[in-house]
Structure formats: C-alpha cells, structure tokens
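Before any comments, here is the structure.
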2 protein chains.
Amino acid sequence: MFSKACEYGIKAVIHISLQSQTGKRVSLKEISGAIDSPLAFTAKILQSLAKSNIIESSKGSVGGYHIPEDVQSKLTLYEIVIAIDGDNIFERCGLGLRQCNETSPCPIHSKFKIIRENLIDMMKKTNLLELAISVDKGESVLVI
Amino acid sequence: MFSKACEYGIKAVIHISLQSQTGKRVSLKEISGAIDSPLAFTAKILQSLAKSNIIESSKGSVGGYHIPEDVQSKLTLYEIVIAIDGDNIFERCGLGLRQCNETSPCPIHSKFKIIRENLIDMMKKTNLLELAISVDKGESVLVI
DNA sequence: TCTTAATTGGACAAAATTATCCGATTTAGG
DNA sequence: CCTAAATCGGATAATTTTGTCCAATTAAGA
Ligand code: FES
Ligand code: FES
C-alpha cells in the first residue's frame with residue numbers, strides 16, 4: 001500500500017510526536033532505534049519531512065527533531081503520506097490508466113473509487129496526536 | 001496500490017475474457033496491443049497466469065490464450081490479484097510491522113483493517129465476467 | 001515435410017526504490 | 001577556540017521491479 005519510505009516516515013513522526021509532548025527533541029539515532037528502521041535512509045526521509053515543514057529540525061549539539069504540540073492535533077495522516085509518497089495513491093487509476101475519471105473509467109473504477117475515498121477519508125480524519133496517544137497508552141506499538 | 005504486473009495482468013485477463021466469449025483465442029500480440037502494455041513483460045505475466053490456471057494457453061500456429069466461459073463468472077478479482085501479487089496486500093501491516101495482528105497492533109491497525117477488509121470484500125465479490133461485460137457495453141475502457 | 005505463427009523459458013538490461021557512506025555544516029558548551 | 005553531537009547534502013551501492021532479447025518448442029496447415 002505505502003512505500004517503505006512512507007512507512008518509516010509515519011512511524012518516525014509518531015515517535016517524534018510522542019517525545020515532543022515532554023518538550024524533548026529526538027535525534028535521528030534514537031528515532032531509528034525506536035522504530036527499527038535503517039538509520040541513513042531514515043535520515044533522508046526526515047530531511048524531506050523537515051523541508052516540507054511536517055517536522056522541525058535543528059542542527060548542532062543539542063539539536064534533533066520535534067513537532068510543536070499545537071501542530072500535532074492538526075497534522076493528519078493524509079498530509080504526512082502526501083508529503084512522502086505524493087498524491088499518487090489517492091489520484092491514480094487502480095488499473096494504471098493515464099488518468100482516473102468518470103467519463104472514460106476503467107472496469108474497476110466505480111468499485112475502486114469507493115475504497116479509495118474511504119481511505120482518503122480515514123486518513124484525513126486521523127491526526128498525529130491520536131496515533132501518538134495510542135502508542136503512549138500501550139494500545140499500539142511501533143515495532144515487531 | 002497494485003503492481004504494474006498486476007495492472008497489466010488484470011487488463012489482459014479482461015481482454016482475453018472479452019474475446020473468449022466469441023470462442024476466439026487471443027495472441028499475446030493482440031492482448032498487448034489492446035491493453036497498451038509492454039509485449040515481452042506481458043508475456044511473462046500471462047505465462048505465470050497460465051501456470052496458476054487462471055488462463056489457458058496453447059502453443060502453435062493457431063494458439064493463444066483463452067478462458068472458458070464457465071470459469072469467467074467464477075473467477076474473482078481477488079484470485080487474479082493473489083495469483084500475481086500474492087496475498088501480501090491483503091495480509092501485510094499498513095506500517096510494515098512484521099505481522100499484522102490484534103494483540104500488538106500498529107497505531108493505524110484498527111482503521112486500516114476496515115479499509116483493507118472492504119477492499120478484500122470488493123475484490124471477492126467482483127468477477128471477471130462482469131468486468132468484461134462492462135467493457136463490452138462500452139461502460140468502461142482498458143486504455144487511455 | 002516445410003513454413004508460419006504462436007507460447008515458453010532463460011538470460012539480460014533498465015529503472016525505481018531502498019539503503020549506505022562520508023564529508024560539510026551547524027550549534028552548544030567547556 | 002575547540003570539541004562533541006547533531007543535521008544536511010551529495011555520491012554511490014544494493015535490491016526489487018519492470019522491461020527486453022533471443023533461442024527453443026509446439027502445432028496447424030499448405
Ligand atoms: S479510471 Fe481506473 S480507477 Fe478510475
Ligand atoms: S498491525 Fe499494522 S495494520 Fe495491523
């Protein structure tokens with residue numbers, strides 16, 4: 001469904017969110033350890049997330065990544081996925097036609113569209129804070 | 001969502017189905033032309049579909065691919081996708097955890113599961129014949 | 001029997017994704 | 001000023017997916 005980059009990205013952002021709630025900045029090393037992802041690859045993803053203003057990064061000795069608390073409840077899964085994988089997943093024809101539209105749809109269009117819209121809806125309604133809280137409560141995990 | 005191989009595979013199978021209804025066998029060349037897919041790559045996919053008994057192939061001068069009419073209404077999108085992409089899409093954790101389960105779910109599990117089950121349900125309920133008929137009626141297309 | 005048109009199968013190539021490495025830069029603090 | 005610890009950015013490597021090429025095989029029909 002999502003790319004590896006996106007999977008790592010989402011997990012990373014959740015971990016950063018968790019730690020940001022206590023005011024802490026998290027280092028790449030800690031993130032990569034916490035979500036069990038390849039360090040250097042994760043660095044690239046975080047770099048790009050910082051560029052698109054999903055997370056804030058600071059260099060230097062006590063630097064690291066963080067997400068302001070007020071942002072956490074506003075940032076949705078939808079925006080995170082778009083930032084990493086682009087809107088391809090949400091726009092693309094399920095059978096790979098050049099464009100998905102009503103006027104010349106592919107054979108699965110009508111059925112596929114419903115699923116896709118449910119997915120978009122779900123992602124737009126899911127914010128980062130609730131995901132972090134679920135991990136914090138021990139209701140869900142980021143590894144194994 | 002699906003791999004390229006799977007997209008080509010589904011379209012190919014629909015086209016074969018369409019032609020099979022008039023008793024015709026379709027050649028790779030015709031299929032690849034009809035669905036606008038790379039010929040040699042399509043050959044590989046059809047080869048594997050033939051091996052897993054989704055389609056029937058025959059060599060020789062008047063050979064080609066076909067799908068018996070009685071099979072068309074029984075064959076579902078689900079089975080076609082499984083034959084090409086495996087059950088990965090339907091089993092895999094949305095965030096890439098080693099396994100998706102209720103006892104230690106990832107943060108998006110509960111929401112993701114619903115979407116995934118809708119997708120599975122949709123695919124199990126969609127049979128090849130209805131897809132072919134929709135193209136035949138001009139209600140949907142396989143190219144552009 | 002020969003030709004022609006088809007699938008099959010193996011090896012290979014290209015492109016995209018995933019992953020690693022390393023030097024440059026930044027910043028806090030001794 | 002110097003060091004340590006962190007991100008950044010560019011180059012490169014490995015892996016997977018996508019795509020190509022070509023010879024072998026099969027079967028119908030002249
Ligand atoms: S045209 Fe294929 S999903 Fe819309
Ligand atoms: S555990 Fe992640 S989707 Fe089920």
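Quick note on labels: first sequence line is chain A, next is B, and so on, each numbered from 1.
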Does the side chain of B:I14 reach to within under 4.5 Å of the side chain of B:K11, using non-hydrogen atoms? no
What nucleotide among C:dT8, D:dT20, D:dT7 has an atom nearest to a side-chain atom of B:S57? C:dT8
If I take atom CD1 in residue A:I31 and atom P in nucleotide D:dC8, what distance separates them, rounded to the nearest angstrom? 11 Å
Taking atom P of C:dT7 as reference, at what distance in whole Å does atom NE2 of B:H66 sit? 13 Å
Do the ring planes of A:Y8 and A:F41 sit parallel (below 30°), tilted (30 to 60°) or perpendicular (above 60°)? perpendicular
5' precedence on DNA chain D between B:S3 and A:A43 (nearest-nucleotide basis): A:A43
What nucleotide among D:dA28, C:dA19, C:dT8 has an atom nearest to a side-chain atom of B:V62? D:dA28
A:E7 CD to C:dA19 C1', in whole Å, measures 15 Å
When you get a sec, tell me which of C:dT8, C:dT25, D:dT20 is the closest nucleotide to the side chain of B:P38? D:dT20
5' priority, DNA chain D, between A:S61 and A:Q47 [closest heavy atom]: A:S61
Does a nitrogen or oxygen in the side chain of B:K4 sit under 4.0 Å from OP1 or OP2 of C:dA15? no
Roughly, in whole Å, what's the span from CG in B:L39 to C1' in C:dT7? 11 Å
In whole angstroms, the gap separating C1' of C:dA19 from CZ of A:F41 amounts to 7 Å
Where each residue is assigned the nucleotide of DNA chain C containing its nearest heavy atom, which of B:L46 and A:S58 is assigned the position nearer the 5′ end? B:L46
Output for pair (A:T76 OG1, A:E79 CD), nearest 0.5 Å, gives 3.5 Å
Residues in side chain to side chain contact (heavy atoms under 4.5 Å, CB included) with A:K51, at least two apart? none
Can you list everything that forms a salt bridge (charged side-chain N to carboxylate O under 4.0 Å, His left out) with B:D36? Sequence neighbours excluded, please. A:R98
Atom CD1 of A:I45 and atom C1' of D:dC8 are separated, to the nearest Å, by 15 Å
B:Y8 OH to D:dT17 P: how many Å, rounded? 15 Å
Is there, by distance only and without an angle test, a donor paired with an acceptor across the side chain of A:K44 and the base of D:dG10 below 3.5 Å? yes
Return the value, rounded to whole Å, for the distance between atom CG of B:D85 and atom C1' of D:dT17. 11 Å
